[in-house]
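As the structure is a computational prediction, the values presented were derived from the model and not from experiment.
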Amino acid sequence: MDRIPILRMGGFLLVTIQVDLYDRLALTLENDLMAMVSKMEARGVLIDISAVSIVDSFMGRILGNIASMSRIMDAETVVVGMQPAVAITLVELGLTLAGVHTALNVEMGMELLRKKIGPIPDNEEDLYDDII
């Protein structure tokens, strides 16, 4: 079964979607991400969708679900790299992506997460690159 890698960067989780996200893969990502947020006590989730050129209402709903579930688990979600066509599609579909913060790129998204969450204790800063 296909899986999207989830990288741990300190108190954050980084997901880079490089493939077309079909329904089953999106659900697997949602489950894997929630398990990682719980296991790693992540404070933030950054999802890079810069390689995604097509989005549908299901994927929009999955992003919203991830943000809502992460928020309940005390983690913020930022989606970065959204292409104009994807943004247009999401608006045309009427999806507001409640609870999802957006930024132009990964660097700006990480900065946004740091501002939203505040300082992370030093012991969490030393942990990098755990992959499931």
Side-chain angles (χ1 to χ4, degrees):
M1 179 160 70
D2 294 334
R3 285 193 133 70
I4 306 274
I6 301 171
L7 304 175
R8 181 177 180 186
M9 298 179 60
F12 303 139
L13 299 176
L14 172 63
V15 177
T16 301
I17 301 172
Q18 298 287 320
V19 297
D20 290 331
L21 204 57
Y22 54 90
D23 292 357
R24 186 74 192 140
L25 184 58
L27 288 171
T28 300
L29 173 63
E30 182 182 88
N31 290 332
D32 288 349
L33 209 49
M34 291 307 100
M36 285 288 286
V37 167
S38 175
K39 180 180 175 185
M40 303 297 174
E41 298 179 359
R43 307 275 314 278
V45 175
L46 191 137
I47 302 172
D48 177 11
I49 61 168
S50 58
V52 174
S53 59
I54 299 173
V55 67
D56 60 11
S57 61
F58 185 77
M59 183 175 167
R61 193 175 66 200
I62 290 292
L63 290 173
N65 288 349
I66 288 170
S68 296
M69 289 186 266
S70 296
R71 184 81 169 167
I72 290 170
M73 298 172 75
D74 197 27
E76 296 286 339
T77 300
V78 175
V79 174
V80 301
M82 188 177 302
Q83 295 184 22
V86 171
I88 290 168
T89 302
L90 289 173
V91 169
E92 288 177 350
L93 291 172
L95 298 173
T96 57
L97 300 181
V100 177
H101 305 288
T102 58
L104 291 178
N105 56 44
V106 171
E107 185 177 356
M108 295 171 90
M110 292 301 271
E111 184 61 31
L112 181 58
L113 278 176
R114 286 187 187 100
K115 284 182 183 174
K116 294 218 165 278
I117 293 167
I120 294 175
D122 289 340
N123 60 344
E124 291 183 20
E125 289 287 337
D126 296 334
L127 302 171
Y128 290 96
D129 299 335
D130 290 338
I131 303 174
I132 66 166

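Considering every non-hydrogen atom in both Met73 and Met34, the closest pair reads CE-O, 3.6 Å. Considering all non-hydrogen atoms of both residues, Leu104 and Met108 come closest at CB-SD, 3.8 Å. Taking each heavy atom of Gly44 and Ala75 in turn, the nearest pair found is N-CB, 4.0 Å. In plain terms, the two heavy atoms of Ser70 and Val37 that are nearest each other are OG-CG2, 4.4 Å. Annotation for Phe12 and Arg43: closest pair CD2-C, 4.4 Å, computed over non-hydrogen atoms. Taking each heavy atom of Ala67 and Val100 in turn, the nearest pair found is CB-CG2, 3.4 Å.
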Candidate pair Arg61 and Leu95, rule side chain to side chain contact (heavy atoms under 4.5 Å, CB included), full reasoning: CA-CA 8 Å; Arg61 193 175 66 200; Leu95 298 173; 5.7 Å; no
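The CD1 atom of Ile47 sits 10.0 Å away from atom CE of Met82, with the distance rounded to the nearest 0.5 Å. Taking CD1 from Ile88 and CD from Gln83, the interatomic distance works out to 11.0 Å, rounded to the nearest 0.5 Å. Here OG1 of Thr102 is found 10.5 Å from CG of Leu90. Values are rounded to the nearest 0.5 Å. Taking CG from Leu33 and OG from Ser38, the interatomic distance works out to 11.5 Å, rounded to the nearest 0.5 Å.
A heavy-atom distance below 4.5 Å is not found between the side chains of Asp32 and Ile4. Side-chain atoms of Met110 and Val106, non-hydrogen and from C-beta on, do get closer than 4.5 Å to each other.
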Exercise answer: donor-acceptor pairs, residues 50-58 side-chain atoms, under 3.5 Å, sequence neighbours excluded:
from, atom 1, to, atom 2, distance (Å)
Ser50, OG, Asp48, OD1, 2.9
Ser50, OG, Asp48, OD2, 3.4
Asp56, OD1, Phe58, N, 3.2
Asp56, OD1, Met59, N, 2.8

Could you pull out every donor-acceptor pair under 3.5 Å between side chains of residues 13-25 and any protein atom, sequence neighbours left out?
from, atom 1, to, atom 2, distance (Å)
Tyr22, OH, Asp2, OD2, 3.0

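Under the 4.5 Å side-chain heavy-atom criterion for ILVMFWY residues, a single connected hydrophobic cluster contains both Val86 and Leu93.
Looking only at distances, no side-chain donor or acceptor of Arg3 sits under 3.5 Å from a matching main-chain atom of Pro5.
Glu30 pairs by the side chain to side chain contact (heavy atoms under 4.5 Å, CB included) definition with Leu27, Ile62, Asn65, Ile66, Met69, not counting sequence neighbours.
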